[in-house]
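Just so you know, these numbers come straight off a predicted model, no measurement behind them. In what follows, chains are A, B, ... by sequence order, proteins preceding strands, each numbered from 1.
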Number of protein chains: 2
Amino acid sequence: MAVESPVKPDARYVDAECVAAVRITMVDRTEATDVADVFRVLADPTRVSIIHALLVSELCNSDLASVLGISESAVSHQMRELRLMKLVSAERRGRMVYYRLTDTHIRHIFEDTLRHVREDARGS
Amino acid sequence: MAVESPVKPDARYVDAECVAAVRITMVDRTEATDVADVFRVLADPTRVSIIHALLVSELCNSDLASVLGISESAVSHQMRELRLMKLVSAERRGRMVYYRLTDTHIRHIFEDTLRHVREDARGS
DNA sequence: TTGACAGTTGAGCAACTATGCAAGTAAAAT
DNA sequence: ATTTTACTTGCATAGTTGCTCAACTGTCAA
């Protein structure tokens with residue numbers, strides 16, 4: 001089952017065929033960084049809690065802080081990050097700023113992962 | 001549509017009902033950390049590239065380094081991390097160590113996110 | 001206007017991370 | 001036995017991140 005490789009199959013690689021197959025569908029550095037950035041936003045317990053809370057209901061800054069048991073400043077810092085990433089949108093109503101999720105993709109990714117973690121927890 | 005809240009609806013919260021609804025399904029800190037940990041593994045361009053390559057074919061350390069254009073040491077360091085997280089498994093064959101993905105959940109999460117990023121790239 | 005409230009922001013810090021380097025181990029070749 | 005190949009690992013370090021604190025802006029009430 002020798003496949004004609006698009007890359008010269010010389011001694012540079014241990015398994016030239018595997019390397020060739022990988023090269024065809026490979027992501028470039030910028031795309032890899034884009035994917036990593038999406039995951040990076042979700043890779044913090046505080047942000048996970050924030051997003052999980054906003055999956056249920058929109059909330060203002062201070063209620064988020066109360067529910068999560070962290071400072072309002074810490075919430076605000078994270079919301080800035082999440083807003084920059086276009087993950088949440090903010091709306092001012094009087095003195096309060098209400099946050100809600102904007103992205104439905106993240107919702108799916110997030111729920112899949114939560115399910116995965118909960119299955120793992122039951123398993124081991 | 002006043003909902004009977006399980007939490008005392010006093011002046012501690014701006015929107016006691018929303019807070020109560022959030023509290024019911026809330027993740028605790030350890031679960032949030034578990035979820036964050038899964039995402040953290042995927043939140044690095046090098047690891048994204050490694051995982052994407054291993055979605056296609058198993059590879060040894062040096063071929064991974066060649067394909068990704070990074071040092072064998074860098075690959076080895078990351079593989080240690082990925083092995084600790086039970087995301088990849090290693091098998092020694094002679095002098096080479098071959099890596100392959102172990103987790104199918106991650107495969108789905110990863111492919112979903114890649115699709116998401118590519119849709120975003122087309123959109124804007 | 002004055003004061004209280006809700007949220008934002010910048011500086012600074014402690015903790016973490018990715019990688020290069022160099023020294024190490026393990027297996028095969030000489 | 002010695003050398004070469006393939007990979008691992010400890011240490012150092014530059015860079016990043018999440019948070020606290022304090023100072024700030026903007027909104028509403030008296």
A:Arg83 bridged to A:Glu81 by N-O distance under 4.0 Å: no
N-O pairing of A:Glu91 and A:Arg93 below 4.0 Å: yes
Could you check whether [X] gets within reach of a base, just the sugar-phosphate, or nothing at all, counting any heavy atom under 4.0 Å?
X       : value
A:Ser76 : base
B:Ser73 : base
A:Tyr99 : sugar-phosphate
A:Arg93 : nothing

Is any side-chain N or O of [X] closer than 4.0 Å to OP1 or OP2 of [N]?
X       : N      : result
A:Ser71 : D:dT20 : yes
A:Gln78 : D:dC19 : yes
B:Arg83 : D:dT8  : yes
B:Arg47 : C:dA18 : yes

Take the protein atom [atom1] of [X] and the nucleotide atom [atom2] of [N], then report the distance between them rounded to whole Å.
X       : N      : atom1 : atom2 : value
A:Glu91 : D:dG26 : CD    : P     : 19 Å
B:Leu59 : D:dA6  : CG    : P     : 15 Å
B:Arg92 : D:dT5  : CZ    : C1'   : 10 Å
A:Leu82 : C:dT9  : CG    : P     : 14 Å
A:Arg80 : C:dA11 : CZ    : P     : 12 Å
A:Arg29 : C:dT19 : CZ    : P     : 7 Å
A:Met96 : C:dA4  : CE    : P     : 19 Å
B:Glu72 : C:dC21 : CD    : C1'   : 14 Å

hbond_proxy A:His77 side chain to D:dT20 base (donor-acceptor, 3.5 Å cutoff): yes
Residue whose nearest DNA chain D nucleotide is more 5′ - A:Ala43 or A:Arg95: A:Ala43
From CZ (A:Arg12) to OG (B:Ser62), nearest 0.5 Å: 13.0 Å
Exercise: do B:Asn61 and B:Tyr98 side chains pair donor with acceptor under 3.5 Å: no
B:Phe39 and A:Phe110 aromatic ring geometry - parallel, tilted or perpendicular at 30°/60° bounds: parallel
Nucleotide of D:dT8, C:dG7, C:dG20 approaching B:Val97 most closely (side-chain heavy atoms): D:dT8
